[in-house]
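Keep in mind it's a predicted model, so treat the numbers as computed, not measured.
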Amino acid sequence: VCNGKHATAAASTKFGACKSIPRKVFLAQGMMTKLTVNLCPELMLYNGCRGVVRDVIYPDENGNDVGYSREINPIVMVEFPKYSGPPINAEMEAIGQGKWIPIVVTERRCDCKRCTRSGLPLVVAKADSTHSMQGTTIGDGEPIRRCIFYWDAAAEAKWDNIFYVGTSRVKKGENIALGDPVSIEALKSIGKSA
């Protein structure tokens, strides 16, 4: 839900925190997603934190799941492997759902403080830029087990050390594959920019 010109505009210099709430998001069980806001960084629920959608609940006024409804804001249960806080309850922890966190509609304001955007602070996280992956570890036991890295010498010329940033995300060599063939000449460009 967008209220005000800054929240509804396609582009604005006054988006402020509104831009952290996507206007649309399509989610499904089993899909990798990431937070777009800091919910509780000290518990590892921070902007960019990745998790897997485990359930989407449309609760009525009594808390019963009524199934998909345009009139009801959903609660998205996301399993965040890095979550370091207490489980929602003992029953969930006992059945292996101790890292499932309910994500609800959140509101953010623009720079003028009058316009607002409300929505789920989640986006699909199947693919991302190298810079967005900084701080992410890829490999066995991590939310992302493998990656395909698309790189060329032109990218290295634009972003110093982007090859290093991309390839240093993985725990082991078998967790990464190059998406395009890379020539010896292109590899020689690494570390050569100003």
Side-chain angles (χ1 to χ4, degrees), residues 1-10 12 15-128 132-133 135-147:
V1 177
C2 298
N3 293 306
K5 67 179 183 179
H6 300 132
T8 57
S12 172
F15 266 150
C18 283
K19 68 182 172 192
S20 64
I21 304 296
R23 291 183 68 174
K24 290 182 181 180
V25 63
F26 299 94
L27 302 170
Q29 288 179 335
M31 178 182 286
M32 180 163 291
T33 187
K34 71 177 178 177
L35 286 173
T36 59
V37 298
N38 286 326
L39 292 180
C40 192
E42 57 273 16
L43 300 180
M44 303 302 284
L45 296 175
Y46 53 86
N47 181 12
C49 178
R50 286 169 163 66
V52 175
V53 174
R54 295 300 180 200
D55 203 356
V56 180
I57 303 164
Y58 292 88
D60 64 12
E61 60 276 352
N62 298 318
N64 299 314
D65 187 5
V66 296
Y68 175 75
S69 169
R70 284 182 155 290
E71 286 75 43
I72 300 173
N73 287 324
I75 298 170
V76 180
M77 297 300 292
V78 180
E79 181 178 16
F80 291 103
K82 301 279 186 184
Y83 174 68
S84 62
I88 298 301
N89 59 46
E91 291 82 17
M92 288 181 73
E93 184 176 34
I95 59 172
Q97 298 174 352
K99 293 184 181 275
W100 288 29
I101 305 300
I103 304 299
V104 298
V105 168
T106 304
E107 181 180 279
R108 292 293 187 263
R109 293 190 175 276
C110 74
D111 288 344
C112 79
K113 305 294 184 213
R114 292 185 305 271
C115 306
T116 61
R117 187 179 288 179
S118 300
L120 292 167
L122 296 168
V123 293
V124 177
K126 188 173 182 177
D128 228 326
S132 294
M133 297 296 290
T136 302
T137 302
I138 298 169
D140 296 337
E142 300 295 334
I144 302 172
R145 292 181 308 191
R146 292 177 209 80
C147 77

Validation: residues 108-115 side-chain donor-acceptor distances under 3.5 Å, sequence neighbours left out:
residue : atom : partner : partner atom : Å
R109    : NH1  : K113    : O            : 3.1

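- Paired with F80 under the rule side chain to side chain contact (heavy atoms under 4.5 Å, CB included), one option of L39, V52, L35 passes, and it is L35.
- Interatomic distance, D140 CG to R146 CZ, rounded to the nearest 0.5 Å: 7.0 Å.
- A 4.5 Å side-chain heavy-atom check between M92 and P87 finds every atom pair outside the cut-off.
- Closest of all the heavy-atom pairs between T136 and I144 is CG2-CD1, 4.3 Å.
- The main-chain N or O of P59 is never found under 3.5 Å from a side-chain atom of D65 such that the two would form a donor-acceptor pair.
- Within the structure, every pair that satisfies the salt bridge (charged side-chain N to carboxylate O under 4.0 Å, His left out) test and touches residues 34-48, not counting sequence neighbours, is listed here: K34-D128.
- Sorted by first then second residue, the salt bridge (charged side-chain N to carboxylate O under 4.0 Å, His left out) pairs that include residues 71-96, not counting sequence neighbours, are R54-E79, K82-E142.
- For the atom pair CD1 (I21) and OG1 (T106), the distance works out to 5.0 Å, reported to the nearest 0.5 Å.
- Among all heavy-atom pairs drawn from A7 and T116, the shortest one is CB-O, 3.1 Å.
- Take M31 and apply the side chain to side chain contact (heavy atoms under 4.5 Å, CB included) test, not counting sequence neighbours, and it matches L27, A28, V124.
- Between the side chain of N38 and the backbone N or O of N47 there is at least one donor-acceptor pair closer than 3.5 Å.
- Taking CG of D55 as the start and CD1 of I57 as the end, the distance is 4.5 Å to the nearest 0.5 Å.
- Not one N or O on the side chain of N62 forms a donor-acceptor pair closer than 3.5 Å with the backbone of N64.
- Using a 4.5 Å cut-off on side-chain heavy atoms (C-beta onward), M133 and R50 make contact.
- The salt bridge (charged side-chain N to carboxylate O under 4.0 Å, His left out) pairs that include a residue from residues 17-29 number zero, where partners must be two or more places apart or lie in different chains.
- Between the CD1 atom in I75 and the OH atom in Y58 there is a gap of 11.0 Å [rounded to 0.5 Å].
- For the side chain to side chain contact (heavy atoms under 4.5 Å, CB included) test, residues two or more places apart in sequence or in another chain that qualify with T36 are P22, P121, V123.
- Here E107 contributes atom CD and C18 contributes atom SG; the two are 8.5 Å apart, rounded to the nearest 0.5 Å.
- Put simply, the side chain of L43 reaches to within 4.5 Å of the side chain of Y83, judged on heavy atoms.
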